[in-house]
There are 2 protein chains.
Amino acid sequence: MTEKLSIAQASAIAAEDFAGEGDDTSKSNMFTIGDLAREFGVTLRTLRFYEDKNLITPHRDGLNRLYTRRDRARLKLVLMGKRVGFSLSEIKDMLDLYDLRDGQVTQLKVALGKFNEQISILERQKKDIEQALTELRRTVAVVSGLLKEKEQAGAT
Amino acid sequence: MTEKLSIAQASAIAAEDFAGEGDDTSKSNMFTIGDLAREFGVTLRTLRFYEDKNLITPHRDGLNRLYTRRDRARLKLVLMGKRVGFSLSEIKDMLDLYDLRDGQVTQLKVALGKFNEQISILERQKKDIEQALTELRRTVAVVSGLLKEKEQAGAT
DNA sequence: CTGGACGTTGACGCAAACGTAAGCTATGCC
DNA sequence: GGCATAGCTTACGTTTGCGTCAACGTCCAG
């Protein structure tokens, strides 16, 4: 919510993203850090940071990181989470929960709860912004008025 | 924009707030730090912090701070600025400019510009939030769907 | 052999707005 | 005398999400 919400990449969620995937460790299903960075428009630093925060845990080829489809899916969820205003730690909680997958039902319910919470929060923020806008517009009107007075007084 | 926008205190702007005041240094027009803190619902720490940032510069009675009506008016503007999303440093810029008061016309124009900028920013944020809300609601729908499937499958 | 391209691990920096001690002073009141 | 109240200063801590060096390792084309 700081600068830009790059809606461009990291497209929408599909039901697919919530389904488990057979972890295909074959060659073409692996990505380098650069691959993912380009694909999702984030920096390498960002991906390493996410790893540091245990949001994504790629395998290694020696020192080099190797991301699977699953990692990629998680990244997608992380970015989607950010877009809708979750903090990374909140996202982590949900992902961790996701990993427990006790048949997933409980997990989905919890996630659903958080989503609804977040919806409330965003609705609140929206209202705050609307209030601020109202106030600002009123102020602009007031100041504009003053300005006209002053300019007329000056022109007199 | 972090937690609560305490709309309660620190009421709206009046044209008065943009007019210069005769700095009345008589007794009843002075406030202690506690006075202002109570009146505007901020902590002493906050007021000292603002002073540190040169937003307000109260006089002293020995060590103790003494705020004039003018200081009070500035505080009011600071809080209003915060409410509508300006950072303290932006607010400082505007206040500084205000102090130049080259007949105030230039000042008012500049402020007007900033206000309009801020309006654009807020409108943008509002749109972002609306997008996030849309995405979240869609996700909730998807997940709810999955959940129903799962539960039915489980009940079979 | 050399210069890029790509990758690695630290680790400090930053912005915003105060919170939170810690410890001292000054004044008033009973 | 003694305590409460109000105020003072200094200064480190917090939170979030990376940016930005620094200082190297590795591999490939030319």
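As a basis for the values below, the full set of heavy atoms in this structure was taken, side chains included, without hydrogen atoms, waters or symmetry mates. Residue numbers begin at 1 in each chain, while the letters A, B, ... track the order of the sequences. Note that this is a predicted model, so its numbers are computed, not measured.
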Minimum-distance nucleotide to B:Lys82 side chain [options: D:dC18, D:dG7, C:dA17]: C:dA17

Testing D:dC8, C:dA17, D:dC18 for proximity to the side chain of B:Asn64, the answer is D:dC8

Which is true for B:Thr43 with a 4.0 Å heavy-atom rule: it touches a base, it touches only sugar-phosphate, or it touches nothing? sugar-phosphate

Once you apply a heavy-atom cut-off of 4.0 Å, does B:Arg48 come out as touching a base, just sugar-phosphate, or nothing? base

Considering only NZ, NE, NH1 and NH2 on the basic side and carboxylate oxygens on the acidic side, decide whether [X] and [Y] come within less than 4.0 Å.
| X | Y | answer |
| --- | --- | --- |
| B:Asp96 | B:Lys92 | yes |
| A:Arg137 | A:Glu130 | no |
| B:Asp52 | B:Arg48 | no |
| B:Lys114 | B:Glu90 | no |

Main-chain N/O of A:Thr68 paired with A:Asp71 side-chain donor or acceptor, under 3.5 Å: yes

Nearest-Å distance, [atom1] ([X]) to [atom2] ([N])?
| X | N | atom1 | atom2 | result |
| --- | --- | --- | --- | --- |
| B:Leu63 | C:dG23 | CG | P | 20 Å |
| B:Tyr67 | D:dC8 | OH | C1' | 12 Å |
| B:Asp52 | D:dT10 | CG | C1' | 11 Å |
| B:Phe49 | D:dG13 | CZ | C1' | 14 Å |
| B:Glu51 | D:dG7 | CD | C1' | 12 Å |
| B:Leu75 | C:dA17 | CG | P | 14 Å |
| A:Leu44 | C:dT9 | CG | P | 11 Å |
| A:Leu47 | C:dT9 | CG | C1' | 16 Å |

Determine whether a donor-acceptor pair (one donor, one acceptor, N or O, separation below 3.5 Å) exists between the side chain of A:Arg45 and the base of D:dT20. yes

Check whether any side-chain N or O of [X] sits under 4.0 Å from OP1 or OP2 of [N], and answer yes or no.
| X | N | answer |
| --- | --- | --- |
| B:Thr32 | D:dG7 | yes |
| A:Tyr50 | D:dC18 | yes |
| B:Lys92 | C:dA17 | no |
| B:Arg65 | D:dC8 | yes |

Relative to the 5' end of DNA chain C, which residue comes earlier, A:Arg60 or B:Thr46, by the nucleotide with the nearest heavy atom? A:Arg60

